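Here is the structure we will look at, set down as structure tokens.
Numbering of ligands and ligand atoms starts at 1, following listing order. Keep in mind that this is a model prediction, so the values were computed, not measured.
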Amino acid sequence: MPESAEEVYARVVAQVGVDGHLPMPAQGGWDIFPWEGTGLRPRVVEPPSDEPPRHGEGDRNCSCTGSPAKGAIWANDRWEVRAPGQPGGLPLVVNLCPLEHLDFEDLDDDMAAEFGLLSVWLHRIISRMPNIGRVHVQKIGDGSAHLHAFFIARTARMTNILGSPAVDWDEILPAVPEDIWRADLAYVAKHLATHGGTALV
Ligand SMILES: [Zn+2]
């Protein structure tokens with residue numbers, strides 16, 4: 001029988017009590033851990049409750065309309081690539097999303113196949129840009145029930161902005177100048193459109 005949230009929580013309480021803090025993980029000592037100092041500690045683990053509602057399920061609306069969103073940089077009849085409203089500290093962070101209100105497990109085989117192709121194309125285009133060291137791909141989805149896979153590019157040769165913590169640096173580093181960011185988005189959209197669909201920027 002898979003372990004329940006109550007059993008996980010009971011194990012936490014057995015180690016540190018109801019209000020206790022678990023110890024810092026080994027990750028805190030990694031060279032690529034973005035934070036330093038002696039005051040860091042994990043938050044107190046809260047007892048299990050209901051799953052928090054996400055945008056696009058129950059009575060919470062999703063902003064999707066079936067058409068490309070305001071921030072879309074590329075779209076075809078079924079998919080769009082969205083950029084945030086402003087640049088962050090990493091060179092590029094974009095989302096691949098279906099136009100229809102679908103989550104990952106809702107994709108039929110044709111949509112799943114197209115998701116795979118678009119993901120590889122998008123990854124290849126961004127990772128071949130001369131300033132990019134790596135592209136990280138994430139699908140999380142605790143905030144919205146509308147699939148929004150992340151493609152997160154980090155700058156090459158910045159040697160402690162690596163691995164999964166690279167994502168945190170998007171909010172730490174000074175923002176990329178907007179003209180450079182917009183030119184990079186247009187480059188990605190133009191190259192993705194060579195596989196079909198339309199560049200929107
Ligand atoms: Zn939606």
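- When hydrophobic residues (I, L, V, M, F, W, Y) are linked wherever their side-chain heavy atoms come within less than 4.5 Å, Val44 remains an isolated member.
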*Output, in order, the C-alpha distance, side-chain angles, deciding distance and verdict of salt bridge (charged side-chain N to carboxylate O under 4.0 Å, His left out) for Glu178 and Arg182.*
CA-CA 6 Å; Glu178 185 151 349; Arg182 292 198 180 283; 2.7 Å; yes
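- Judged by distance alone, with hydrogens and angles left aside, the side-chain atoms of Glu80 form a donor-acceptor pair with the main-chain N or O of Ala69 at under 3.5 Å.
- Asp103 meets the salt bridge (Lys or Arg N to Asp or Glu O under 4.0 Å) test with Arg54; sequence neighbours excluded.
- Around the Zn ion (ligand 1), protein N, O or S atoms at a distance under 2.8 Å total 4; waters are neither shown nor counted.
- Residue pairs satisfying the ring pair (Phe, Tyr, Trp, His ring centres under 6.0 Å) criterion with at least one member in residues 86-125, sequence neighbours excluded, are listed as follows: Trp79-Phe115, His101-His146, Phe104-Phe115, Trp121-His195.
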_Verdict with reasoning, Glu100 to Arg78, per salt bridge (charged side-chain N to carboxylate O under 4.0 Å, His left out)_ = CA-CA 7 Å; Glu100 190 182 347; Arg78 296 162 300 283; over 6 Å; no
